[in-house]
Amino acid sequence: MSARQVLLLQAALAGGVVTALVIKELPGIMRELRIFRMTGGPGANRRYP
């Protein structure tokens with residue numbers, strides 16, 4: 001097995017792990033985005049001192 005094949009295999013494995021983590025955390029991320037939008041986002045400091 002050449003070094004190039006090893007690097008490609010490692011990249012594919014790392015990509016799979018990252019994809020699995022994103023899919024696992026997606027519901028929490030969506031919840032946080034919804035809360036962020038409900039509180040007004042970055043301009044909310046004018047309304048909430």
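If you read the sequence from its start, that first residue is 1, and numbering goes on from there. Because the structure is a prediction, the values reported are computed rather than measured.
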Solution key, residues 3-30 side-chain donor-acceptor pairs under 3.5 Å, sequence neighbours excluded:
unit_1	atom_1	unit_2	atom_2	d
Gln5	OE1	Ser2	N	3.1
Thr19	OG1	Gly15	O	2.7

Counterpart residues, side-chain contact (heavy atoms from CB on, under 4.5 Å), relative to Arg31 (two or more places apart): Arg34, Ile35

List, by chain and then residue number, the residues other than Phe36 in its hydrophobic cluster (Ile/Leu/Val/Met/Phe/Trp/Tyr, side-chain heavy atoms under 4.5 Å); write none if there are no others. none

